[in-house]
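Taking it in order: structure first as structure tokens, then the write-up.
Whatever order the structure lists them in is the order used to number ligands and atoms, beginning at 1. All of these numbers come straight from a predicted model, not from anything done at the bench.
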Amino acid sequence: MKIFKKLLVISAVMGAIGLAPVAFAQSNLPDLGKSKADVAKAAFKEDAKCTKCHDESENAPILSIYQTKHGVKGDARTPSCTSCHGQSDSHLAGDKTGKGRPAPDIVFKKGVYEKSSEDQRADQCLTCHKGTKRNNWAGSTHPVNDVVCNDCHKVHKPADPVLSKQTQTQVCFTCHRDVQADTKKNSTHPIDVKKVVCSDCHNPHGSSGPSMLKKNTLNETCYLCHAEKRGPLRFEHQPVVENCANCHTPHGSNITPLLKDRPPLLCDDCHDGPHGSKTPMGSNMGGVQSISKNLANGAALTANNQATGRACLNCHVMVHGSNSPAGGLFQR
Ligand code: HEC
Ligand code: HEC
Ligand code: HEC
Ligand code: HEC
Ligand code: HEC
Ligand code: HEC
Ligand code: HEC
Ligand code: HEC
Ligand code: HEC
Ligand code: HEC
């Protein structure tokens, strides 16, 4: 009972300092006759089944859940301990067999007890969080690889690190070391400085696009921020329209700006015919001299502008396509 009163105080304080959401549709309340205070009281009573033992004395923080959105007891949608951990009747009944106290129905993290299966843990959260951002959860890469909700979310912590731009990448990097290494390269998205974070491009709950990208295609995801690269342009460069990843890598590269390879090699992948014929060209057409020979308009190709520095980009500056009436060769 003592703890129950204390929790009501915590909740009142949270309301006062504005942590609790102000209001939600009255029609969501199960009993319209009840005030928010009554709802809160009933909810704390339900929790007291568990909090009479699991209180401030625990090693792991338990009651700090009341400082999160899962602890807003005036909100009838808010879970009780049992909404996540299950009714846990045998755990509550105690050690009847002399083999120790049975585990609660759902254990999220290995401790005294083994954790529940991935499916069980995810399903328990999905009872309230199906749909919206999790429309494509089933069959997506994380659950298929046994990564579920509480591998990323820390619900008992006052601030869940994965929800903040400042701390999110650390959570992802615990498993994605290779991506972390990429973000240390010469050219990167500003991920290290937290200006752009993983969830700006990915939906870690699954998506209908490739690589769990937020949008249906890779390019649509890039256009979220690089809208100027979206056409239509008078003269389009086919690989740009198809997929930005033909030339760019998203997380980091030692070739600026985020390029997969250095021009002219970048261009050679596709342009491997002689320069100046209608067949696209590349390094296998005999090097600088034959480029010069083949140039119809006599533009001077030197070792300097062809093979080093900006190479092909010295002349073909509008590599993403051009809107100029004379931009057919992306030279303006
Ligand atoms: C009578 C006391 C008591 C009550 C009531 C009780 N528990 Fe426990 N619970 C324990 C003990 C003892 C353990 C074993 C771990 C420990 O020593 O803390 C435990 C372990 C757990 C664990 C796993 C912790 C770990 O480290 O593996 C969870 C989760 C848990 N309880 C949840 C609940 C929930 C939810 C309720 C309410 C439905 C509840 N408990 C009610 C005594 C209790
Ligand atoms: C929103 C779902 C949710 C609610 C509500 C919830 N828990 Fe938990 N609980 C979890 C998850 C998830 C973990 C695993 C710890 C983690 O990953 O942060 C956990 C861990 C625990 C543990 C083990 C401690 C540890 O960190 O290993 C105990 C004990 C526990 N909860 C008791 C409770 C009690 C008591 C309540 C009610 C006051 C409660 N939980 C409410 C989801 C919930
Ligand atoms: C009984 C319903 C219920 C269950 C079960 C439940 N949640 Fe929630 N959850 C809520 C409600 C209600 C909110 C607050 C939503 C709001 O304010 O719009 C919420 C909010 C959240 C948020 C956002 C928190 C924030 O600060 O913005 C996360 C993340 C979350 N839940 C994860 C989980 C995870 C992980 C589990 C399982 C361990 C879980 N939830 C289980 C009802 C539930
Ligand atoms: C791989 C890490 C990861 C996993 C696994 C994960 N989440 Fe999240 N979750 C995030 C990140 C990052 C955000 C914040 C960015 C965003 O909203 O997309 C978030 C946001 C949320 C939110 C708040 C925003 C919203 O959708 O309303 C809820 C609720 C939530 N997750 C629930 C869940 C549930 C339930 C599961 C398991 C079925 C789950 N998450 C699994 C990383 C994860
Ligand atoms: C507990 C470990 C773990 C955490 C934490 C984690 N992931 Fe993953 N993730 C995996 C595994 C395992 C795979 C599948 C194998 C792989 O591609 O590395 C994966 C795959 C991915 C993929 C590739 C998807 C595809 O379909 O190709 C993306 C994108 C991703 N994770 C993003 C994230 C983001 C963003 C976060 C943080 C919000 C995150 N992950 C946190 C383990 C994790
Ligand atoms: C600017 C957008 C963007 C950001 C920010 C971003 N990604 Fe990606 N990510 C992508 C794209 C695009 C792909 C697919 C690349 C491809 O198909 O060539 C991808 C692929 C992945 C993959 C699967 C392939 C691989 O490289 O292993 C993982 C895992 C991944 N991202 C994790 C992360 C994590 C973790 C973060 C945050 C540190 C993050 N991403 C930030 C755009 C982004
Ligand atoms: C969430 C917004 C966002 C998304 C989505 C995004 N970017 Fe960026 N991008 C940025 C920001 C911010 C910069 C840094 C701009 C600056 O420093 O002026 C940047 C810079 C770049 C650069 C230049 C890097 C350098 O070293 O100068 C390239 C190339 C790039 N992005 C490509 C992409 C591609 C390809 C995609 C899709 C896979 C993408 N971006 C998606 C925000 C985004
Ligand atoms: C054919 C290869 C190629 C493709 C495909 C491509 N880019 Fe680029 N991108 C480059 C090169 C080369 C540069 C450097 C240009 C320079 O230095 O003048 C660059 C530079 C950039 C920059 C930084 C400078 C600027 O123009 O703002 C951004 C941002 C960018 N690309 C985004 C994208 C996006 C988004 C896509 C997909 C819609 C895309 N790129 C597709 C080759 C490509
Ligand atoms: C992924 C393949 C690919 C890459 C990489 C690529 N291109 Fe292209 N490029 C094409 C295709 C396909 C066309 C269209 C060819 C056609 O219409 O006959 C094209 C057309 C062109 C044209 C115009 C040709 C014309 O006749 O109008 C120029 C100039 C050009 N590319 C330059 C470059 C440069 C410079 C690079 C390197 C920065 C580059 N391309 C990288 C595939 C690529
Ligand atoms: C010194 C300027 C210059 C440089 C450097 C240059 N080009 Fe060109 N490029 C031109 C001119 C001028 C044309 C038009 C030739 C014509 O009409 O016959 C052209 C035409 C093209 C065409 C159109 C098809 C063709 O072969 O006529 C492609 C594709 C092309 N260049 C790709 C490249 C690539 C790839 C590189 C780098 C390996 C490169 N260019 C380097 C000036 C240059």
Side-chain angles (χ1 to χ4, degrees), residues 20-21 24 28 68-72 75-80 82-85 106 108 121-129 141 148-156 159-160 162-164 168-173 175-180 182-183 188-192 195-202 204 209-214 218-219 221-222 224-226 235-240 242-252 258-261 263-271 275 278-282 310-322 327-331:
F24 62 101
N28 285 351
T68 73
K69 286 198 178 161
H70 284 134
V72 184
D75 184 336
R77 303 168 308 164
T78 298
S80 297
T82 50
S83 329
C84 289
H85 291 283
I106 308 288
F108 290 93
R121 287 189 281 139
D123 286 349
Q124 203 68 16
C125 306
L126 288 170
T127 55
C128 298
H129 293 294
T141 312
V148 298
C149 321
N150 73 300
D151 293 316
C152 290
H153 291 288
K154 294 289 163 265
V155 300
H156 279 276
D160 181 351
V162 87
L163 293 179
S164 151
Q168 176 189 109
T169 51
Q170 287 161 26
V171 177
C172 309
F173 288 160
C175 299
H176 295 292
R177 297 276 180 211
D178 48 342
V179 178
Q180 181 172 28
D182 280 346
T183 65
T188 66
H189 267 103
I191 295 173
D192 233 18
K195 196 166 155 200
V196 172
V197 298
C198 318
S199 61
D200 285 329
C201 293
H202 294 288
S211 302
M212 299 201 293
L213 289 169
K214 273 169 98 167
L218 188 144
N219 278 29
T221 308
C222 308
L224 284 172
C225 302
H226 301 288
F235 298 102
E236 295 189 315
H237 194 186
Q238 200 176 309
V240 178
E242 270 169 24
N243 191 336
C244 311
N246 277 324
C247 298
H248 292 290
T249 180
H251 308 126
L258 284 167
L259 290 175
K260 284 172 119 171
D261 213 339
L265 296 176
L266 178 70
C267 316
D268 283 354
D269 281 350
C270 303
H271 297 291
H275 197 239
K278 275 295 162 193
T279 328
M281 58 73 72
R310 299 173 47 79
C312 321
L313 301 175
N314 280 318
C315 301
H316 302 290
V317 287
M318 302 300 287
V319 68
H320 299 106
S322 172
L329 291 163
F330 315 137
Q331 298 194 73

Is a side-chain donor or acceptor of [X] paired with a backbone partner of [Y] at a separation under 3.5 angstrom?
X	Y	value
His153	Val162	no
His85	Ile106	yes
Lys154	Asn150	yes
His316	Leu329	yes
His70	Pro79	no

Quick one: which ligand 3 atoms are inside 4.0 Å of a heavy atom on [X]?
X	answer
Lys69	14 (C), 17 (O), 25 (C), 26 (O), 27 (O)
Cys149	35 (C)
Thr127	5 (C)
Gln124	5 (C)
Cys84	5 (C), 41 (C)
Phe108	38 (C)

Taking all heavy atoms of [X] and all of [Y], pick out the closest pair and write down the distance.
X	Y	value
Leu218	Pro210	N-CG, 4.2 Å
Pro263	Leu313	CG-CD1, 4.1 Å
Thr183	Thr188	O-CG2, 3.5 Å
Phe235	Phe330	O-CE2, 3.8 Å
His251	Leu258	C-CD2, 4.1 Å
Asp200	Lys214	O-CD, 3.2 Å

Quiz item: Is there a side-chain contact (heavy atoms from CB on, under 4.5 Å) between Glu242 and Val240 once you walk through the steps?
Solution: CA-CA 5 Å; Glu242 270 169 24; Val240 178; over 6 Å; no

Quiz item: Would you say Cys128 has an N, O or S atom lying under 2.8 Å from atom 8 (Fe) of ligand 3?
Solution: no

Practice problem: Using 2.8 Å as a strict upper limit, say whether an N, O or S atom of His129 approaches atom 8 (Fe) of ligand 3 that closely. | Solution: yes

At a 4.0 Å threshold, what atoms of ligand 6 neighbour a non-hydrogen atom of [X]?
X	answer
Val196	5 (C)
Cys172	35 (C)
Phe173	38 (C)
Val197	5 (C)

At what distance, to the nearest 0.5 angstrom, does [atom1] of [X] lie from [atom2] of [Y]?
X	Y	atom1	atom2	result
Lys69	Thr78	NZ	OG1	11.0 Å
Lys260	Asn246	NZ	CG	6.5 Å
Leu163	Thr68	CG	OG1	10.0 Å
Phe108	Gln124	CZ	CD	5.5 Å
Gln170	Ser164	CD	OG	9.0 Å
Thr221	Met212	OG1	CE	12.5 Å

For [atom], which protein heavy atom lies nearest, and how many Å away is it?
atom	answer
atom 18 (O) of ligand 6	Ala245 CB, 3.9 Å
atom 27 (O) of ligand 6	Asp178 OD2, 3.8 Å
atom 16 (C) of ligand 6	Leu218 CD1, 4.2 Å

Exercise. Taking side-chain hydrogen bond (donor to acceptor under 3.5 Å, both in side chains) as the test, write out the residues that go with Gln168, two or more places apart.
Key: Ser199

Exercise. Take atom 8 (Fe) of ligand 6 and tell me which protein N, O or S atoms are nearer than 2.8 Å.
Key: His202 NE2, His251 NE2

Quiz item: From atom 1 (C) of ligand 6, is the closest protein heavy-atom distance below 4.0 Å?
Solution: yes

Quiz prompt | Any protein heavy atom nearer than 4.0 Å to atom 30 (C) of ligand 6 | solution = yes

Which of the numbered atoms in ligand 9 are below 4.0 angstrom from a heavy atom of [X]?
X	answer
Cys270	1 (C), 2 (C), 3 (C), 4 (C), 5 (C), 42 (C), 43 (C)
Leu266	5 (C)
His316	29 (C), 35 (C)

Quiz item: Given Cys312, Cys267, Gly328, Ala311, which one has a non-hydrogen atom that is nearest to atom 37 (C) of ligand 9?
Solution: Cys267

Exercise. Pick whichever of Asp269, Val319, Leu329 has a heavy atom sitting closest to atom 24 (C) of ligand 9.
Key: Leu329

Practice problem: Answer yes or no for Asp200: is there a heavy-atom contact with ligand 6 below 4.0 Å? | Solution: no

Exercise. Give a yes/no verdict on whether any heavy atom in Thr249 is under 4.0 Å from an atom of ligand 6.
Key: no

Quiz item: Is it the side chain (CB and beyond), the backbone, both or neither of Leu163 that lies under 4.0 Å from ligand 3, heavy atoms counted?
Solution: side chain

Self-check item: Region of Arg77 that comes within reach of ligand 3 [heavy atoms, distance under 4.0 Å]
Solution: both

Quiz item: Which N/O/S atom belongs to His70 and is the closest one to atom 8 (Fe) of ligand 3?
Solution: NE2

Quiz item: Do any of the N/O/S atoms of His237, backbone or side chain, fall under 2.8 Å from atom 8 (Fe) of ligand 9?
Solution: yes

Quiz item: Do Val317 and Gln331 come close enough that some side-chain heavy atom pair is under 4.5 Å?
Solution: no

